[in-house]
Amino acid sequence: QVQLVESGGALVQPGGSLRLSCAASGRISSIYVMGWYRQAPGKQRELVAVVTSGGSTNYADSVKGRFTISRDNAKNTVYLQMNSLKPEDTAVYYCNALIRSTADITARDYWGQGTQVTVSS
């Protein structure tokens with residue numbers, strides 16, 4: 001089995017910063033893309049940022065210049081550094097990874113349980 005465990009969500013004031021972490025564990029053969037999505041109340045889940053195993057990144061327009069995604073391949077961990085946070089960044093943030101486990105021939109998507117980020121004064 002493969003698990004993704006997120007941490008780092010919190011209540012923060014507008015303009016503040018947070019760093020989210022997501023560690024993958026279990027019977028992992030290869031991790032390809034890792035990323036973060038978010039879902040605000042009453043809205044659909046949306047892409048925030050993704051990073052490939054080679055380090056290429058892609059961001060939602062709404063977070064470009066404020067958020068930075070990175071990964072530590074040795075630790076099977078992806079990070080999301082969030083700066084200049086706004087109230088509209090309030091959401092549950094989910095970690096996602098495309099992983100091939102030792103039990104599978106092909107890779108599939110895995111999701112974390114989500115971590116709450118609230119931006120409010």
Side-chain angles (χ1 to χ4, degrees):
Q1 284 287 7
V2 173
Q3 287 185 324
L4 299 180
V5 178
E6 302 119 330
S7 61
L11 170 64
V12 63
Q13 291 188 341
S17 297
L18 278 177
R19 190 174 87 147
L20 305 182
S21 300
C22 171
S25 63
R27 298 180 177 181
I28 296 170
S29 178
S30 299
I31 302 179
Y32 301 100
V33 180
M34 301 186 83
W36 291 93
Y37 291 71
R38 67 186 182 187
Q39 188 167 19
K43 295 188 177 181
Q44 290 188 329
R45 190 173 297 189
E46 63 176 2
L47 171 72
V48 177
V50 293
V51 58
T52 68
S53 57
S56 298
T57 59
N58 191 34
Y59 295 91
D61 288 342
S62 59
V63 306
K64 282 181 181 176
R66 300 188 298 121
F67 291 10
T68 302
I69 190 170
S70 61
R71 64 189 278 176
D72 184 333
N73 291 329
K75 295 182 179 180
N76 292 338
T77 299
V78 63
Y79 305 96
L80 185 68
Q81 178 66 44
M82 304 185 292
N83 299 327
S84 302
L85 282 160
K86 304 175 181 179
E88 50 263 43
D89 294 318
T90 296
V92 178
Y93 283 69
Y94 295 92
C95 177
N96 169 265
L98 184 62
I99 296 173
R100 184 167 66 86
S101 76
T102 57
D104 292 327
I105 297 175
T106 59
R108 69 178 187 91
D109 267 338
Y110 290 86
W111 291 90
Q113 80 284 356
T115 186
Q116 177 70 46
V117 172
T118 302
V119 185
S120 175
S121 55

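As the structure is a computational prediction, the values presented were derived from the model and not from experiment.
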**Request:** Could you pull out the closest heavy-atom pair between Thr77 and Lys75, with the gap in Å?
**Result:** OG1-O, 2.9 Å
**Other ILVMFWY residues reachable from Val12 by side-chain steps of under 4.5 Å** = Val2, Leu4, Leu18, Leu20, Ile28, Ile31, Met34, Trp36, Val48, Val51, Tyr59, Val63, Phe67, Ile69, Val78, Leu80, Met82, Leu85, Tyr93, Ile99, Tyr110, Val117, Val119
**Asked** OG/Ser25 to CD/Gln3 distance, rounded to the nearest 0.5 angstrom?
**Response** 5.0 Å
**Prompt:** Would Ser62 and Arg38 satisfy side chain to side chain contact (heavy atoms under 4.5 Å, CB included), going step by step from the backbone distance to the final call?
**Reply:** CA-CA 12 Å; Ser62 59; Arg38 67 186 182 187; 3.4 Å; yes
**Prompt:** Which heavy-atom pair separates Pro14 from Ser120 by the least distance, and what is that distance?
**Reply:** CD-C, 3.6 Å
**Message:** On a heavy-atom basis, which atom in Ala91 and which in Ala40 lie closest, and how many Å separate them?
**Reply:** CB-N, 3.8 Å
**Asked** How many angstroms lie between OG1 in Thr68 and OH in Tyr79, if you round to the nearest 0.5 Å?
**Response** 14.5 Å
**Asked** Does Trp111 share a hydrophobic cluster with Val33, counting links as ILVMFWY side-chain heavy atoms below 4.5 Å and allowing steps through other members?
**Response** yes
**Asked** Any idea which heavy atoms bring Gln113 and Tyr94 closest together, and the distance?
**Response** O-CE2, 3.6 Å
**Request:** Enumerate the residue pairs fulfilling disulfide bond (SG atoms under 2.5 Å apart) with a member in residues 19-95, sequence neighbours excluded, ordered by first and then second residue.
**Result:** Cys22-Cys95
**Request:** Nearest 0.5 Å please: distance from the CD atom of Gln1 over to the OG1 atom of Thr102.
**Result:** 10.5 Å
**Message:** Determine whether Ser29 and Arg100 satisfy the following criterion, side-chain hydrogen bond (donor to acceptor under 3.5 Å, both in side chains), listing intermediate values before the conclusion.
**Reply:** CA-CA 6 Å; Ser29 178; Arg100 184 167 66 86; 3.2 Å; yes
**Message:** Working to the nearest 0.5 angstrom, can you tell me the gap between Lys64 NZ and Thr57 OG1?
**Reply:** 9.5 Å
**Prompt:** Side-chain contact, heavy-atom cut-off 4.5 Å: Ser53 with Arg71?
**Reply:** yes
**Prompt:** Between CD of Gln116 and CG of Leu11, what distance do you get to the nearest 0.5 Å?
**Reply:** 9.5 Å
**Prompt:** About how many Å separate OG of Ser84 and CG of Asp89, when rounded to the nearest 0.5 Å?
**Reply:** 9.5 Å
